[in-house]
Amino acid sequence: MNDENAPPDEKQTELPAIDFQSPGRFSVHNPTSIRSILEQREPAPFRLGEHQPLQRFTSAEEAQAHALALLQQSRSNLCLYTPDLEPWLYNHSSVQDACTRFLLASPKNRLRILVRDVSRPVKQGHRLLNLAQRISSNLHIRRLNPDHPSEDIAYLLADARGLLMRAHPEDYAGYALYNDPGRVRLQQAEFDQAWDIS
């Protein structure tokens, strides 16, 4: 029985050696995705402790730029007073990076966060909560005392000169100050009083 499709005898199956030369190494250059480009944030172009005029803003992008500028330039003290850690403003990799650099720059640097309601950030996750678990020595989060009379505002204090204020936390609009020690001192006193009883 002779089948045409049967493999040939094993002695006849030896194949000649292949002469192969590698063309070299190749590096892969993947283009930056559109999503990561859209997610990148740039800080506002003002200097903490130098820029005098009040800077008003009305959009989320402007608020994010001012917040990032203050976070990146602070050298000793950051205080955040927020209703719910405002994910649109603070739950971003650039904010986490700025806070991480700030906290690791010196053991004396401290970031204190007073939050009215932590249920949403705990359920949905938040970069600052994750950071607080990793760097717990000088990042502290407290829930605002519900019995303490407090204004429904949101603000960020940077050192003794910078302030980002939003009088209505449900809106994006507000203003930023980069060199106003008097106003920052008053706001800092209110923050410290609320902090002590929270």
Side-chain angles (χ1 to χ4, degrees), residues 41-92 94-103 105-106 108-118 121 126-128 131-132 138-145 148-198:
R41 288 187 186 169
E42 290 296 321
F46 307 109
R47 300 296 309 159
L48 181 62
E50 296 175 12
H51 187 77
Q52 294 291 341
L54 181 140
Q55 297 296 313
R56 294 199 179 278
F57 56 83
T58 56
S59 70
E61 293 77 18
E62 292 172 313
Q64 292 163 351
H66 286 295
L68 186 56
L70 291 171
L71 290 168
Q72 288 179 343
Q73 296 177 50
S74 183
R75 295 292 170 254
S76 61
N77 186 42
L78 286 168
C79 296
L80 178 57
Y81 187 95
T82 175
D84 60 356
L85 286 176
E86 302 161 287
W88 66 272
L89 185 56
Y90 297 112
N91 192 20
H92 193 271
S94 60
V95 170
Q96 182 181 11
D97 292 345
C99 291
T100 301
R101 280 193 298 273
F102 167 78
L103 293 168
S106 168
K108 293 181 179 180
N109 288 358
R110 66 182 182 158
L111 168 57
R112 295 182 296 163
I113 301 172
L114 264 177
V115 61
R116 188 179 305 278
D117 179 20
V118 293
H126 198 287
R127 291 175 185 268
L128 292 181
L131 187 60
N138 48 357
L139 193 167
H140 305 282
I141 300 175
R142 290 186 182 177
R143 187 170 162 264
L144 192 64
N145 186 337
H148 177 67
S150 58
E151 298 178 80
D152 191 21
I153 58 176
Y155 58 86
L156 168 67
L157 299 167
D159 293 345
R161 299 193 175 272
L163 168 67
L164 181 126
M165 172 68 74
R166 291 180 19 260
H168 306 287
E170 65 278 0
D171 295 334
Y172 298 132
Y175 63 87
L177 293 163
Y178 288 82
N179 194 14
D180 193 333
R183 200 172 307 189
V184 171
R185 194 178 310 113
L186 291 173
Q187 205 64 52
Q188 185 72 60
E190 289 185 23
F191 181 92
D192 291 340
Q193 182 182 12
W195 181 266
D196 290 340
I197 62 168
S198 295

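Count residues from 1 along the sequence. Keep in mind it's a predicted model, so treat the numbers as computed, not measured.
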How far does [atom1] of [X] sit from [atom2] of [Y], to the nearest 0.5 angstrom?
| X | Y | atom1 | atom2 | value |
| --- | --- | --- | --- | --- |
| M165 | F57 | CE | CZ | 10.0 Å |
| L48 | Q72 | CG | CD | 11.5 Å |
| N109 | R75 | CG | CZ | 8.5 Å |
| L103 | L139 | CG | CG | 5.0 Å |
| L54 | L177 | CG | CG | 4.5 Å |
| D196 | R142 | CG | CZ | 7.0 Å |

Determine, stepwise, if the pair S74 / D159 fulfils side-chain hydrogen bond (donor to acceptor under 3.5 Å, both in side chains).
CA-CA 6 Å; S74 183; D159 293 345; 2.8 Å; yes
Return yes when atom NE2 of H168 has more than 12 non-hydrogen atoms of other residues, nucleotides or ligands closer than 6.0 Å, and no otherwise.
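No.
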Shortest non-hydrogen contact between [X] and [Y], atoms and distance:
| X | Y | result |
| --- | --- | --- |
| C99 | L111 | SG-CD2, 4.0 Å |
| L156 | Y90 | CB-OH, 3.8 Å |
| A194 | L114 | CB-CD1, 3.7 Å |
| N179 | R161 | OD1-NH1, 2.7 Å |
| Q188 | C79 | NE2-SG, 3.4 Å |
| L85 | V115 | N-CG2, 3.9 Å |

My understanding is that only residues two or more places apart in sequence, or in another chain, count here; which of them pass ring pair (Phe, Tyr, Trp, His ring centres under 6.0 Å) with F46?
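Checked F46 against ring pair (Phe, Tyr, Trp, His ring centres under 6.0 Å); matches are H51, H66, Y178.
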What residues, two or more places apart in sequence or in another chain, satisfy ring pair (Phe, Tyr, Trp, His ring centres under 6.0 Å) together with F102?
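Partners of F102 under the ring pair (Phe, Tyr, Trp, His ring centres under 6.0 Å) test: none.
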Side-chain heavy-atom pair [X], [Y] within 4.5 angstrom cut-off:
| X | Y | value |
| --- | --- | --- |
| Q187 | Y81 | no |
| Y175 | L163 | yes |
| R110 | N77 | yes |
| D192 | R112 | yes |
| E86 | R166 | yes |
| V95 | R127 | no |
| W88 | Q64 | yes |

For L128, which of T82, I113, N91 qualifies under side chain to side chain contact (heavy atoms under 4.5 Å, CB included)?
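Only match with L128 under side chain to side chain contact (heavy atoms under 4.5 Å, CB included): I113.
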For [X], enumerate each residue passing the side chain to side chain contact (heavy atoms under 4.5 Å, CB included) test, keeping only those at least two apart in sequence or located in another chain.
| X | value |
| --- | --- |
| S94 | R41, L68, H92 |
| E151 | I153, E190 |
| T100 | Q96, L104, L131, R134, I135 |

For D117, which residues count as a side chain to side chain donor-acceptor pair (under 3.5 Å) partner, sequence neighbours excluded?
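By the side chain to side chain donor-acceptor pair (under 3.5 Å) rule, D117 matches S119.
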